[in-house]
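See below for the structure under consideration.
All values below come from the heavy atoms of this structure, side chains included, with hydrogens, waters and symmetry mates left out. Counting from 1, the numbers follow the sequence of the chain as shown. These figures come from a predicted structure and were not determined experimentally.
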Amino acid sequence: MSPAAQGGSVRIDAWVWAVRLYKTRSAAAEAVRAGHVKLNGVAVKPAQSVAVGDTVRAWVNHREFIVEVAQLHAKRVGPAIARAAYVDHSPPPPPKEILASIPRRERGAGRPTKRERRQLDQLMGKG
């Protein structure tokens with residue numbers, strides 16, 4: 001029987017992988033270790049247990065997902081079942097026009113200078 005059927009617990013790295021927020025289990029565990037996944041607002045270790053009703057914030061592909069756990073799954077499930085396993089509270093993605101207007105550095109241009117870094121931070125609203 002699965003942990004969900006027994007009313008048990010599921011590791012956070014396994015859950016975010018099972019509901020398809022990350023492509024691989026190792027990528028999910030690495031993201032949790034790096035602090036890109038937060039459980040109820042707190043950075044946790046990959047073995048932390050998830051319970052129904054918990055809030056998970058995951059930073060995936062330059063986008064933040066805020067989901068509320070509705071079902072527990074320890075093994076990867078299909079897309080329809082995965083979408084039913086959480087309630088999505090994520091902000092909508094930015095419009096394509098905004099993404100296209102963000103300046104990009106030329107490949108091979110090297111690291112940004114201090115001045116360029118400050119300008120980038122100001123543009124991104126971090127400074």
Side-chain angles (χ1 to χ4, degrees):
M1 270 184 146
S2 72
Q6 297 173 3
S9 62
V10 177
R11 292 170 52 115
I12 189 164
D13 61 340
W15 188 82
V16 295
W17 165 72
V19 297
R20 297 174 170 261
L21 291 179
Y22 289 93
K23 280 191 168 192
T24 65
R25 172 85 182 262
S26 60
E30 188 176 317
V32 174
R33 272 192 299 276
H36 299 298
V37 177
K38 293 185 178 4
L39 180 64
N40 297 323
V42 179
V44 293
K45 293 182 178 180
Q48 180 69 42
S49 296
V50 178
V52 174
D54 285 346
T55 301
V56 176
R57 293 172 156 258
W59 185 256
V60 185
N61 294 330
H62 306 289
R63 186 166 171 229
E64 184 178 35
F65 289 90
I66 304 168
V67 296
E68 181 183 334
V69 179
Q71 297 173 3
L72 297 177
H73 295 288
K75 299 288 184 184
R76 194 148 169 107
V77 293
I81 298 169
R83 278 190 297 277
Y86 59 84
V87 179
D88 194 0
H89 299 292
S90 304
K96 302 249 187 253
E97 307 83 52
I98 292 176
L99 289 177
S101 69
I102 295 175
R104 305 247 190 267
R105 289 183 60 81
E106 293 296 322
R107 188 175 175 96
R111 293 177 57 179
T113 63
K114 269 187 168 179
R115 180 173 182 245
E116 290 170 337
R117 170 54 58 200
R118 277 189 241 111
Q119 288 172 342
L120 283 170
D121 286 345
Q122 186 178 22
L123 179 69
M124 300 302 273
K126 297 178 187 174

Does [X] reach the main-chain N or O of [Y] with its side chain, forming a donor-acceptor pair under 3.5 Å?
X: Arg76; Y: Trp17; value: yes
X: Trp15; Y: Lys75; value: no
X: Glu116; Y: Thr113; value: yes
X: Asn40; Y: Thr55; value: yes
X: Ser9; Y: Val50; value: no
X: Arg20; Y: Val77; value: yes

- Note on the structure: Rounded to the nearest 0.5 Å, the CG atom of Asp54 sits from the CG atom of Leu72 at a distance of 8.5 Å
- What distance do His89 atom NE2 and Arg57 atom CZ have between them, rounded to the nearest 0.5 Å? 11.0 Å
- Task: Could you tell me which non-hydrogen atom of Ala82 sits nearest to which non-hydrogen atom of Ala18, and how far apart they are?
- Result: CB-O, 4.3 Å
- Task: Please test Ile81 against His73 for side chain to side chain contact (heavy atoms under 4.5 Å, CB included), starting from the C-alpha separation and ending with a verdict.
- Result: CA-CA 10 Å; Ile81 298 169; His73 295 288; 3.8 Å; yes
- Message: Could you check whether atom CD of Glu30 has more than 12 heavy atoms from other residues, nucleotides or ligands sitting under 6.0 Å from it?
- Response: no
- Query: For Phe65, is the NZ or CZ atom of Arg63 found under 6.0 angstrom from the centre of its six-membered ring and inside 45 degrees of the ring axis?
  - Reply: yes
